[in-house]
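First the structure, in the form of structure tokens, and then the observations on it.
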Protein chains: 2
Amino acid sequence: MEKYDCLKLENQLCFPLYACSKEITRKYKPLLDKLDLTYTQYIAMMFLWEHKEANVKTLGEALFLDSGTLSPLLKTLESKGFVERERNKQDERNLVIKLTKKGENLREKAVDVPPSIAKCVNLSANEAQMLYNILYKILNGGKDSGKNN
Amino acid sequence: MEKYDCLKLENQLCFPLYACSKEITRKYKPLLDKLDLTYTQYIAMMFLWEHKEANVKTLGEALFLDSGTLSPLLKTLESKGFVERERNKQDERNLVIKLTKKGENLREKAVDVPPSIAKCVNLSANEAQMLYNILYKILNGGKDSGKNN
DNA sequence: ATAAATTATATTGTATACAATTTAATTATA
DNA sequence: TATAATTAAATTGTATACAATATAATTTAT
């Protein structure tokens, strides 16, 4: 074990994580192009499909993104007609993001995406579950997620 | 199992991968600030510390980056005095990137980074190895890496 | 040998990311 | 109740990412 071994790319854990994330995002592109969404826009829409509406803070916490990323992204989604942006009447600081009809309808086309991606990533069910658990353990700051199925 | 369950964020594998990658990169920032490097510049330097020199193509294949990202990044590294950029005399299409003395010396300070990051990511040795293997399996297109230690 | 194809890098354009700052609204406090 | 502190978004500035295109050098094919 040489002094500089810890600086070799092949000994990093973060590097394959970084590379993998990008490679998978790239695989999404042709699928998401059909929906007129980028990957980041897609995960924002996923949150909205599930929760119907959200403010920027909530969305940011769920997606690990800040307003610097979300503000322009949400304007883009609005310009595409997928969401509406309006201030909360009770607390004008909050921006309420809601799906439009067009945004809701997009969900129908989007259901084809996850199965297509699954085909690109050739992991066994066990490996996928393992990966999932370890990633959430990292995201939760070292605490186990408890999921086993 | 509802029709739209596959579109829930919590059922995605790519999302925690994407979020995890970003969160860990964020943890690098204060450490890399001391070296005057960004994360992407850091992995480029890692390759150069190990291989002494490289052209853009080689670097791009190793880092999963294209010339659109690397060209400006390498100019930045040059402006910081860490690398030299010169055309290969035998084949002027190739740009040869070499470490400067300052770039080589930075390696001494960089050896402190990996141990500091390891402390931030609370995984068991077994989990880390598992994660490593699965990520490379994905990067290699579904073929197992064969590494077990 | 010269046009055509290929290769390597750079450039352009769009979209993230995120730290830091700013702005506006609300809440807490003196 | 005026002021301070806090909160939520937006903006600014820097640095990726990457597809698509452009440019220049080299190689291949005619």
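Everything numeric here is computed off the predicted structure, so don't read it as measured data.
With sequence neighbours excluded, the residues forming a side chain to side chain donor-acceptor pair (under 3.5 Å) with B/Q41 are B/K80, listed by chain and number. Residues satisfying the side chain to side chain donor-acceptor pair (under 3.5 Å) criterion with B/K3, sequence neighbours excluded, are A/E108. With sequence neighbours excluded, the residues that form a side chain to side chain donor-acceptor pair (under 3.5 Å) with A/D33 are A/K29.
Here C/dA25 presents its P atom at 10 Å from CG of A/D91, a figure rounded to the nearest Å. The distance from atom CD of B/E86 to atom P of C/dA8 is 18 Å, rounded to the nearest whole Å. One can place CG of A/D33 at 10 Å from P of D/dA19, the figure rounded to the nearest angstrom. As rounded to whole Å, 12 Å separates atom P of D/dA9 from atom CD of A/E92. Residue B/K89 contributes atom NZ, which lies 13 Å from atom P of D/dA25 at whole-angstrom precision.
Nearer to the 5' terminus of DNA chain D, by closest-nucleotide assignment, is the contact made by A/L95 (compared with the other of B/N88 and A/L95).
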Practice problem: List the protein contact pattern of nucleotides 13-24 of chain C with one symbol per nucleotide (5' to 3'): B for base contact, S for sugar-phosphate-only contact, - for none; contact means a heavy-atom distance under 4.0 Å. | Solution: --SSBBB-----

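Using a 4.0 Å cut-off between charged nitrogen and carboxylate oxygen, B/E104 and B/K101 count as a salt-bridge pair. Between A/R26 and A/E23, at least one side-chain nitrogen of the basic residue sits less than 4.0 Å from a carboxylate oxygen of the acidic one, meeting the salt-bridge criterion.
Under a cut-off of 6.0 angstrom, the local environment of NZ in A/K22 is crowded, with over 12 non-hydrogen atoms contributed by other residues, nucleotides or ligands.
With A/R87 contributing its side chain and A/R93 its backbone, the two residues share a donor-acceptor pair below 3.5 Å. Of the possible polar contacts, none joining the B/N133 side chain to the B/M130 backbone as a donor-acceptor pair under 3.5 Å is found.
The shortest distance between the side-chain N/O atoms of B/R85 and the OP1/OP2 oxygens of C/dA8 is not below 4.0 Å. The phosphate of D/dT26 has neither OP1 nor OP2 within less than 4.0 Å of any side-chain N or O from B/R87. Here A/N94 does not reach the OP1 or OP2 of C/dA25: none of its side-chain N or O atoms lies under 4.0 Å away.
Among residues at least two apart or in separate chains, ring pair (Phe, Tyr, Trp, His ring centres under 6.0 Å) pairs with a member in residues 49-101 of chain A are A/F47-A/H51.
Under the Watson-Crick or G-U wobble criterion, with both distances below 3.5 Å, C/dA10 is paired with D/dT21.
Applying a 4.0 Å cut-off to non-hydrogen atoms, none of the residues of residues 45-52 of chain B approaches DNA chain D.
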